[in-house]
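Working notes for the structure below.
By convention here, the first residue in the shown sequence is residue 1. Only heavy atoms go into these numbers, but all of them, side chains included; no hydrogens, no water, no symmetry mates.
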Amino acid sequence: MCTSIIYTAGDSYFGRNLDLEVSFGQEVVVTPRNYPFKFRKGPSLDQHYAITGMALVEDGYPLYFDGANEKGLGMAGLNFDGPCHYFPEDPAKNNVTPFEFIPYILGQCKTVVEARKLLSNLNLVKIDFSAKLHLSPLHWLIADKSGEAIAVESTTEGLKVYDNPVGVLTNNPEFPKQLLNLSNYQSVSPDYPKNTLIPEVKLNTYSRGFGSHFLPGGMDSGSRFVKEVFTKAHAPKGKSEIENITNYFHNLHAVEQQKRLDQVAPGQFEYTIYSDGINLTTGTFYYSTYGNKQINAVKLEKDRLDQTELMEYPLQNEQVINFQN
């Protein structure tokens with residue numbers, strides 16, 4: 001399971017929580033402009049926009065979980081088991097495998113508008129990366145530095161592209177149903193509610209926060225979607241990069257999963273392995289991990305973007321404590 005957002009506060013920040021029961025050895029990977037992306041069913045991209053994101057590098061190929069390009073377009077793939085459906089090759093369309101999807105879009109598009117055009121004739125074809133690395137059932141959030149966002153889902157009905165006015169994506173059900181479910185919570189507010197139940201009687205109260213009394217708090221994707229939409233809609237906007245990236249991570253941490261709260265198999269529990277976010281204007285990539293809540297950063301070194309070799313930065317998973325005495 002996962003949660004991905006686009007948060008705008010001066011600049012726009014894009015990223016996600018990765019919630020799984022096992023880590024794959026992912027790291028921060030910068031793919032420079034001249035790294036050759038080879039595609040299984042189409043021409044390669046020998047020159048493209050540089051991409052920074054979280055990826056597993058396998059046989060020299062960056063398998064991106066999420067990332068953004070140097071022009072300010074971000075993309076994240078999230079679990080979509082059940083509704084997800086990939087197709088056989090279609091000679092009338094551009095055939096891209098799901099593990100190629102992020103570099104295919106981020107390598108060529110600067111904005112959501114450009115991504116929409118590329119998506120209009122796209123077929124997500126069912127081809128595994130290898131015999132040991134099979135495709136994951138995914139759907140995707142795509143957003144740019146203007147704050148515009150779309151959700152992309154491949155189901156038995158074909159490739160669907162939805163406007164995403166809330167800038168949030170979690171998992172099942174299909175995105176239109178997640179939006180519809182928000183109407184059940186439209187009375188939730190940060191403000192203290194008025195007594196409309198029985199206005200003539202003064203009711204005794206026992207807690208602050210009653211405006212959010214009916215906000216769901218489960219680990220399930222529907223609950224996380226509602227809670228994150230609420231949290232992000234009312235998040236403060238700072239006056240500096242440090243304030244804004246701190247607020248951004250508070251948004252994601254509002255729906256993070258702690259260990260031993262979401263059992264997915266006997267003895268196995270899903271948890272938030274990492275949270276990340278990228279400033280879509282500067283290209284600086286930030287992350288924290290379950291074991292290290294300090295915000296770590298990898299700057300986009302623009303003078304190194306014309307090379308051909310991947311730049312890899314292992315995750316810093318050991319907690320750093322600031323002792324004051």
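- The aromatic rings of Tyr7 and Tyr248 are tilted relative to each other, their planes meeting at an angle between 30° and 60°.
- Listed by chain and number, the residues in a ring-ring contact (aromatic ring centres under 6.0 Å, His included) with Tyr185 amount to none (sequence neighbours excluded).
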Anything under 3.5 Å between a donor and an acceptor, one on a side chain of residues 259-266, the other on a protein residue two or more places apart or in another chain? List them.
{"from": "Gln263", "atom 1": "NE2", "to": "Ala265", "atom 2": "O", "distance (Å)": "3.4"}

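- Note on Ile105 and Leu124: same hydrophobic cluster, where clusters join Ile, Leu, Val, Met, Phe, Trp and Tyr whose side-chain heavy atoms are under 4.5 Å apart, directly or indirectly.
- Residues that satisfy the side chain to side chain contact (heavy atoms under 4.5 Å, CB included) test with Lys117, not counting sequence neighbours, are Val113.
- Within the structure, salt bridge (charged side-chain N to carboxylate O under 4.0 Å, His left out) contacts touching residues 299-324 (residues at least two apart or in different chains) are Arg33-Asp306, Glu301-Arg304.
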Side-chain donor-acceptor distances from residues 207-219 under 3.5 Å, at least two apart:
{"from": "Ser212", "atom 1": "OG", "to": "Gly209", "atom 2": "O", "distance (Å)": "3.0"}

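- Glu27 has its side chain out of reach of Tyr313: every pair of non-hydrogen atoms, C-beta onward, lies at least 4.5 Å apart.
- No donor-acceptor distance shorter than 3.5 angstrom exists from the side chain of Asn69 to the backbone of Gly74, with no hydrogens or angles considered.
- For Tyr35, the ring-ring contact (aromatic ring centres under 6.0 Å, His included) partners two or more places apart in sequence, or in a different chain, are Phe37.
- Between Phe24 and Phe65, the two ring planes are tilted [angle within 30° to 60°].
- Here the side chain of Arg16 pairs no donor or acceptor atom with the backbone of Tyr274 at under 3.5 angstrom.
- At least one donor-acceptor pair under 3.5 Å links the side chain of Thr272 to the backbone N or O of Gln257.
- Here Pro36 pairs with Lys38, Asp46 under the side chain to side chain contact (heavy atoms under 4.5 Å, CB included) rule; sequence neighbours left out.
- By the 30° and 60° cut-offs, the orientation of the rings of Phe175 relative to Tyr162 is tilted.
- For Phe101, the ring-ring contact (aromatic ring centres under 6.0 Å, His included) criterion is met by Trp140, not counting sequence neighbours.
- Between His85 and Phe87, a ring centre-to-centre spacing shorter than 6.0 Å is recorded.
- Listed by chain and number, the residues in a side chain to side chain contact (heavy atoms under 4.5 Å, CB included) with Asn94 are Tyr104, Asn121, Leu122 (sequence neighbours excluded).
- Residues Pro88 and Val125 share a closest heavy-atom pair of C-CG2, 3.8 Å.
- Asn95 places a side-chain N or O within donor-acceptor distance of the main-chain N or O of Asp90, the cut-off being under 3.5 Å.
- For the side-chain contact (heavy atoms from CB on, under 4.5 Å) criterion with Leu141, the lone passing option out of Asn164, Val168, Thr3 is Asn164.
- Geometrically, Arg40 engages Phe129 in a cation-pi contact defined by less than 6.0 Å to the ring centre and at most 45° from the axis.
- Contacts classified as salt bridge (charged side-chain N to carboxylate O under 4.0 Å, His left out) and involving residues 227-255 (residues at least two apart or in different chains) are not found.
- The existence of a salt bridge linking Arg224 and Glu256 is excluded, since no basic side-chain nitrogen approaches an acidic carboxylate oxygen closer than 4.0 Å.
- Using a distance-only test at 3.5 Å, with no hydrogens or angles considered, a donor-acceptor pair links the side chain of Asp128 to the main chain of Leu135.
- Between the side chain of Asp163 and the backbone N or O of Pro165 there is no donor-acceptor pair closer than 3.5 Å.
- Partners of Tyr64 according to the ring-ring contact (aromatic ring centres under 6.0 Å, His included) rule, which considers only residues two or more places apart in sequence or in another chain, do not exist here.
- Legend: residues meeting side chain to side chain contact (heavy atoms under 4.5 Å, CB included) with Val201, ordered by chain and number and at least two apart, are Ile198, Leu203.
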